[in-house]
Enquirer: 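Below are the C-alpha cells for one structure; questions will follow.
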Amino acid sequence: MQVVITDCDHDSIDIEQGVLDAAQLPFRLEQCHTEDELIQRCADADIFINQYAPVTERVLEALPNLKMVVRYGVGVDNVDVDAATAHGVQVCNVPDYGMNEVADQAIALMMALLRKVVPMNQQTKTERWDYTAAIPSHRLSELTVGVVGLGRIGREFAKRAHALGMRVIGYDPYFSPSEEFDFIEQVDLDTLQRTADVISAHCPPETAMGMFDDEAFDRMKDTAYLINVARGGIVDEDALDRALTEGKIAGAALDCMAHEPVSPDDPLFRHENLLVTPHMAWYSEEAAAELKRKVAEESVRFAAGEPVRYPVNSLT
C-alpha cells in the first residue's frame with residue numbers, strides 16, 4: 001500500500017519513517033492545504049497520515065484508492081467521518097498520546113488561578129512585595145473541583161486533583177464507576193456548575209459545543225474558576241467575556257479557543273483574571289514522539305490487515 005503523509009508541520013518525520021521503513025511500506029510527504037491539492041497530489045494514496053488537510057466528501061469521491069485516514073491527534077474535525085464511512089474509508093486517531101500532559105496542564109492552570117501565581121509574580125517584580133493582594137486564597141482540601149467529561153484525560157485530571165486533597169465531582173453520562181475512581185461523586189451538570197469551586201472541561205466537542213454559555217455562568221459561583229483544555233468552542237467566548245466583565249465568575253484559563261491562532265489584541269485578553277496558553281497542553285517531547293510513532297504504527301497495522309487500535313468509525 002502507498003502511504004502519503006498529506007501534511008505535517010513537525011520538524012522532521014524521522015520517527016514515522018523508521019516505523020514505515022521497517023514495515024517496508026512506501027511513503028512520501030506532501031504539504032497539502034486544500035481539497036484541490038489533495039486530489040491532485042495524492043491520487044495514488046491508499047493510506048493518509050493527516051494533520052490539517054481537509055478530507056471532505058469531494059476529496060473522498062475523487063480518491064477511490066483511499067482506504068484509511070489516520071490523524072495526528074485526537075480530534076478529527078477536518079475529516080468528514082460520515083462521508084468516509086460511506087466510502088468505506090477507515091478513520092483513526094491517537095486519543096491517548098498526550099493525556100498525561102493535558103491533565104498536567106489543567107492542574108497547572110488550576111493551581112495558577114487558585115494561588116494567583118501570575119498576578120502576584122507581576123506585582124512582586126514590578127510594584128511591591130505584598131502578599132495581601134492575593135487575599136482571599138483557600139486551602140485546596142476545602143475546595144470542590146468539578147470535572148466535565150470523564151474520559152481518559154478527565155480521569156487523569158481527577159486523580160491529580162484527588163491527590164491534592166480536593167473533593168472531586170464529575171459529570172459524564174457515559175462514565176461507568178469503578179473502584180479505582182470511587183472518589184468521584186457523579187452529579188448532573190446543573191449541580192456541578194452550581195457546586196464546584198473549579199470546573200475543568202474535558203469533554204468532546206461533538207457533544208459539548210457552547211456548553212459554557214450565559215446560563216452556565218449564571219449558575220456558577222462568583223468565586224469559581226473555569227478551565228478549558230479540551231476544545232475551542234466548548235466555551236462561548238462572548239459569554240465568558242460578559243461573565244468576566246460582570247464578575248459572574250472569579251476567572252478562567254483557556255488552552256484552546258474557537259478560532260486559532262488568536263491575535264494578541266483579542267478583546268477577551270484584556271481580563272487580568274484570564275490565563276491563556278497556545279493550545280500547548282498536549283505537548284511534551286515524549287508525547288510528540290509517541291504521537292508520531294503511533295500514527296505510523298496504526299498505518300502499518302491497517303496495511304497488514306490487522307485490527308486497528310484507534311478506530312473513529314465502524315465499517316461493519
Side-chain angles (χ1 to χ4, degrees), residues 7-11 31 33-34 51-54 72-75 77-78 98 101-102 104-128 130 133-134 148 153 193 198-206 208-284 287-288:
D7 59 312
C8 183
D9 63 7
H10 304 161
D11 290 339
Q31 292 293 5
H33 304 288
T34 66
Q51 190 169 13
Y52 303 121
Y72 284 107
V74 180
D77 301 6
N78 62 311
E101 285 77 5
V102 178
D104 290 344
Q105 184 80 359
I107 289 289
L109 292 170
M110 179 184 75
M111 293 297 291
L113 289 169
L114 291 174
R115 299 301 304 169
K116 303 180 182 177
V117 172
V118 175
M120 294 308 296
N121 171 68
Q122 181 68 14
Q123 175 191 283
T124 303
K125 294 198 298 186
T126 63
E127 298 177 29
R128 66 188 187 280
D130 179 11
V148 181
I153 296 170
Q193 290 172 338
V198 179
I199 297 175
S200 191
H202 300 279
C203 37
E206 55 268 21
M209 296 303 284
M211 174 181 286
F212 290 93
D213 55 11
D214 287 303
E215 292 183 1
F217 292 122
D218 285 341
R219 285 189 288 270
M220 290 173 63
K221 297 178 179 179
D222 60 10
T223 56
Y225 295 96
L226 174 66
I227 299 166
N228 182 20
V229 293
R231 280 289 183 275
I234 290 174
V235 176
D236 179 330
E237 291 166 17
D238 290 334
L240 176 60
D241 191 4
R242 288 188 288 271
L244 293 173
T245 299
E246 298 169 16
K248 291 183 178 180
I249 62 173
L254 308 175
D255 183 62
C256 43
M257 298 184 68
H259 303 289
E260 300 175 357
V262 183
S263 170
D265 61 4
D266 189 288
L268 194 57
F269 291 177
R270 74 184 186 280
H271 296 287
E272 293 185 1
N273 54 346
L274 174 71
L275 303 182
V276 184
T277 53
H279 210 137
M280 59 172 281
W282 67 273
Y283 169 74
S284 71

Enquirer: Just checking Glu215: does its CD atom have more than 12 heavy atoms from other residues, nucleotides or ligands closer to it than 6.0 angstrom?
Expert: no
Enquirer: Do you know which two heavy atoms are closest between Asn273 and Ile249, and how far apart they sit?
Expert: ND2-O, 4.4 Å
Enquirer: With no hydrogens and no angle check, is any side-chain donor or acceptor of Asp236 less than 3.5 Å from a backbone partner on Gly210?
Expert: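 Checked: no pair found.
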Enquirer: Give me the atom names and distance for the closest heavy-atom approach of Trp282 to Ala287.
Expert: O-CB, 3.4 Å
Enquirer: Please list, chain by chain and in numerical order, all residues satisfying side-chain contact (heavy atoms from CB on, under 4.5 Å) with Gln51, sequence neighbours excluded.
Expert: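 Expected list: Asp7, Cys8, Asp9, His10, Arg71, Tyr72.
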Enquirer: Between Ala216 and Gln193, what is the shortest heavy-atom contact and its length?
Expert: CB-NE2, 3.5 Å
Enquirer: Of all the heavy-atom pairs spanning Glu101 and Tyr283, show the shortest one and how long it is.
Expert: CG-O, 3.8 Å
Enquirer: Between Phe212 and Val148, is the side chain to side chain contact (heavy atoms under 4.5 Å, CB included) condition met? List the steps.
Expert: CA-CA 11 Å; Phe212 290 93; Val148 181; 4.1 Å; yes
Enquirer: Which pairs, with at least one residue in residues 247-269 and sequence neighbours excluded, count as a salt bridge (charged side-chain N to carboxylate O under 4.0 Å, His left out)?
Expert: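 Listed by first then second residue: Asp218-Lys248, Glu246-Lys248.
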Enquirer: Please, which pairs that meet salt bridge (charged side-chain N to carboxylate O under 4.0 Å, His left out) have at least one residue in residues 106-126, sequence neighbours excluded?
Expert: none
Enquirer: Taking Val229's backbone N and O only, do any of them form a donor-acceptor pair with Gln105's side chain (distance below 3.5 Å, no angle check)?
Expert: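 Checking the backbone N and O of Val229 against the side chain of Gln105, no donor-acceptor pair under 3.5 Å is found.
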Enquirer: Mind listing the closest non-hydrogen atom pair of Leu275 and Ala112 along with its distance?
Expert: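 What the structure gives for the nearest pair is CD1-CB, 3.7 Å.
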Enquirer: Would you indicate whether the side-chain heavy atoms of Ile199 and Lys221 approach each other to under 4.5 Å?
Expert: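 Side chain of Lys221 against side chain of Ile199, heavy atoms only: no contact under 4.5 Å found.
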Enquirer: Sequence neighbours left out, what passes side-chain contact (heavy atoms from CB on, under 4.5 Å) with Ala230? Give chain and number order.
Expert: Asn228, Ile234
Enquirer: If the condition is side-chain contact (heavy atoms from CB on, under 4.5 Å), which residues does Ala133 pass it with, not counting sequence neighbours?
Expert: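 Only Met120, Gln123, Arg128 meet the side-chain contact (heavy atoms from CB on, under 4.5 Å) criterion with Ala133.
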Enquirer: Assess whether side chain to side chain contact (heavy atoms under 4.5 Å, CB included) is satisfied between Leu254 and Leu240, documenting all intermediate values.
Expert: CA-CA 11 Å; Leu254 308 175; Leu240 176 60; 4.0 Å; yes
Enquirer: With rounding to the nearest 0.5 angstrom, report the CG to CG distance, Leu113 to Leu226.
Expert: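 So the gap between those two atoms works out to 9.5 Å.
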Enquirer: When rounded to the nearest 0.5 angstrom, what distance separates OH in Tyr225 from CE in Met220?
Expert: 11.0 Å
Enquirer: Strictly distance-based, threshold 3.5 Å: is any side-chain N or O of Asp241 a donor or acceptor partner for the main-chain N or O of Leu268?
Expert: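 Side chain of Asp241 to backbone of Leu268, a donor-acceptor pair under 3.5 Å: no, none is there.
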Enquirer: Can you name the closest pair of heavy atoms from Asn78 and Ala53 and give their distance?
Expert: ND2-O, 2.8 Å
Enquirer: Would you give the length of the straight line joining atom CD of Glu127 to atom CD of Gln122, rounded to the nearest 0.5 angstrom?
Expert: 7.5 Å
Enquirer: Test side chain to side chain contact (heavy atoms under 4.5 Å, CB included) on Thr245 and Arg270; report intermediate values, then the result.
Expert: CA-CA 10 Å; Thr245 299; Arg270 74 184 186 280; 3.0 Å; yes
Enquirer: State the CG-CD distance between Asp213 and Glu237, to the nearest 0.5 angstrom.
Expert: 13.5 Å
Enquirer: Under the rule for ring pair (Phe, Tyr, Trp, His ring centres under 6.0 Å), what residues qualify as partners of Phe217, not counting sequence neighbours?
Expert: none
